[in-house]
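Reckoned from all heavy atoms, side chains included, excluding hydrogens, waters and symmetry mates.
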2 protein chains.
Amino acid sequence: MKTIHVELGDRAYPIVIGEHAMHDTAHLKRAIQGSTVLIVTNDMVGPLYAQQLVETLKAIGKTVHVHMLPTGEQYKNLETLNTIFDVLLQQQCDRRTTLIALGGGVVGDMAGFAAAAYMRGVPFIQVPTTLLSQVDSSVGGKTGINHPLGKNMIGAFYQPQLVLTDLNVFATLPQRELSAGMAEVIKHGAIYDAAYFEWLEANTPKLMRKDSESLVHAIVRSCEIKSEVVAQDEREGGLRAILNFGHTFGHAIEAGMGYGEWLHGEAVGAGMILAADLSQRLGMLTANEVERIRRVVQAAGLPVEPPQLGIDNMINMMKLDKKSDAGYIKFVLLDGIGRAVIRDVPEDVLRATLHVCA
Amino acid sequence: MKTIHVELGDRAYPIVIGEHAMHDTAHLKRAIQGSTVLIVTNDMVGPLYAQQLVETLKAIGKTVHVHMLPTGEQYKNLETLNTIFDVLLQQQCDRRTTLIALGGGVVGDMAGFAAAAYMRGVPFIQVPTTLLSQVDSSVGGKTGINHPLGKNMIGAFYQPQLVLTDLNVFATLPQRELSAGMAEVIKHGAIYDAAYFEWLEANTPKLMRKDSESLVHAIVRSCEIKSEVVAQDEREGGLRAILNFGHTFGHAIEAGMGYGEWLHGEAVGAGMILAADLSQRLGMLTANEVERIRRVVQAAGLPVEPPQLGIDNMINMMKLDKKSDAGYIKFVLLDGIGRAVIRDVPEDVLRATLHVCA
């Protein structure tokens, strides 16, 4: 087992990564104070893994309830969230009850927000079952739900007590989901660590074959990078925004296609290439660097061309994105691979980049 | 204008109390950074005061939206909360938008939770229009909504930037609401400050006649006491629980009668007398002290007898209350007037106190 410590003062927590982590009684025992646990999962992941986790928790003497959500981003809403509160109250769960999210980002976001809001905050543990949630939502404490008018518009910053990353879940992870997670992995290299980016250029084929050793390295290094960034800016006042590299375009693609058509990671993949193009137009990346980014995104099985949503349409959707501030659109760009910067971009340059969407 | 500083480190904020505080541009200007404000009020308070506040905000150059909620605790739920998110998104409010709660506790709790959750947190200001919200919810950062299975079960700890208490709202405050606020005022004296309790014994008649000078003294002293307690225990790990004096009984009365039948303050009034009786049975209050508490509760126009809900029924409801921990019922009791203590109470003594509910 490898352990990474996310340093957030009195909200610090460990990320434990390894084979059979779900059977690890020691870490769960240390992280859970009360006697009752509610596992929140979905009807795809639950049947595969809930029973293992229930058994581990029973072995350390916990009373365990399981609540299965319908699977899919379209259920990441207030109604589904409320079913978690219904179960917590029906089972008379008190404020010492621990919520465990067993699933990908959608389950983690909803269970995390439920934990933040139930009785104004109960303990929370993540057991992420996708590469995306292992490297992204497991660090940073962002939780929340969607609103018909925007993604992740309602939520909380809420840190877990523990993240338990079990490598065995890769056995059942669909290849498309693996690619989607790679988008964030590539992003971490691109914005923060040129040497890691080079390692990814060499090792993405191994990662796509689910090679264990390579996966551990990628998960560890990505979690370390995200932790370092978040530790410096927990509530997203400044630096943390660099984690949105590729996301302003990506969110517009997701919204424009209708949520669920493109996976988040797929939209971020195409979005990073648009952001790289924009960086090149502003003289911060060479053509060769843009091409290197394109190749690694492609090697990860992600789309390298955005959908034809129209330039004006894309711009309007980006203005709706929550990172817009008083009407301006800020972009996270690269000033060389491994170094992210934030810039207000002139609209004519933005339009030139978006001509591929026309 | 009087100002109290609630000391919570980087979440510290001022409470400003005075005549025409809603016309005070200086404090609002200092507290609001962005250009847009959403006033959340209800259809009883809004028609009386929203226009004044809108004009003050326009005078300092803000774009102002007003959202009116239906009036009443029965609307303090997820559906009504969601209407606030609808408006925020329809108006394309970004994360610099300030939410202002103009109303009593229900409006403050809902607007505060909306502010905590919208884009994971936007700035928030309280303009409390009832004595109860001025002395209670304006300090401590508790926000939230009810669930069909329990009150205030879903929410957040979230501190405002500013609380603006305008004394002119007493002109339209119904007498029954004034009494309800007095329950918390009396509580503050009873649990923390014997001299303040004595002052209340002498001055409750003046407070009930809405004497301005007396009201300012009561609001200031109550906010000071609550601030001191909360500053020592922001997230309710220990000391803060003493603020629940009378509330374990009170919540059971409210739940048993059906929410909205008895006002919260009325249930707390009768609840404090039950808690005083329990304290006497455990040898911590004299008969004379219990009688003094009963007299001041009565002078404030509050009920001194609980409803006949039945002993077992009361006990079951108290076990559901969120202050219950692993099945035990803790009570906040008085060890003399002005000194609160927390005790696990033997069930036979509790039943003796509850015989008046039989």
Trainee: Sort A:Glu79 into side chain, backbone, both or neither according to what part of it lies under 4.5 angstrom from a heavy atom of chain B.
Mentor: neither

Trainee: Based on non-hydrogen pairs under 4.5 Å, which of A:Tyr118, A:Phe113, A:Phe85 is most in contact with chain B?
Mentor: A:Phe85

Trainee: Taking every non-hydrogen pair under 4.5 Å, which of B:Thr97, B:Ile145, B:Asp86 racks up the most with chain A?
Mentor: B:Asp86

Trainee: Where does B:Thr143 contact chain A at under 4.5 Å (heavy atoms): side chain, backbone, both or neither?
Mentor: backbone

Trainee: If we define contacts as heavy-atom pairs under 4.5 Å, which of B:Thr36, B:Leu88, B:Leu78 has the most with chain A?
Mentor: B:Leu78

Trainee: Any non-hydrogen side-chain atom of B:Arg120 less than 4.5 Å from a side-chain atom of A:Asn152?
Mentor: yes

Trainee: At what distance, to the nearest 0.5 angstrom, does NE2 of A:His147 lie from CG of B:Asn82?
Mentor: 5.0 Å

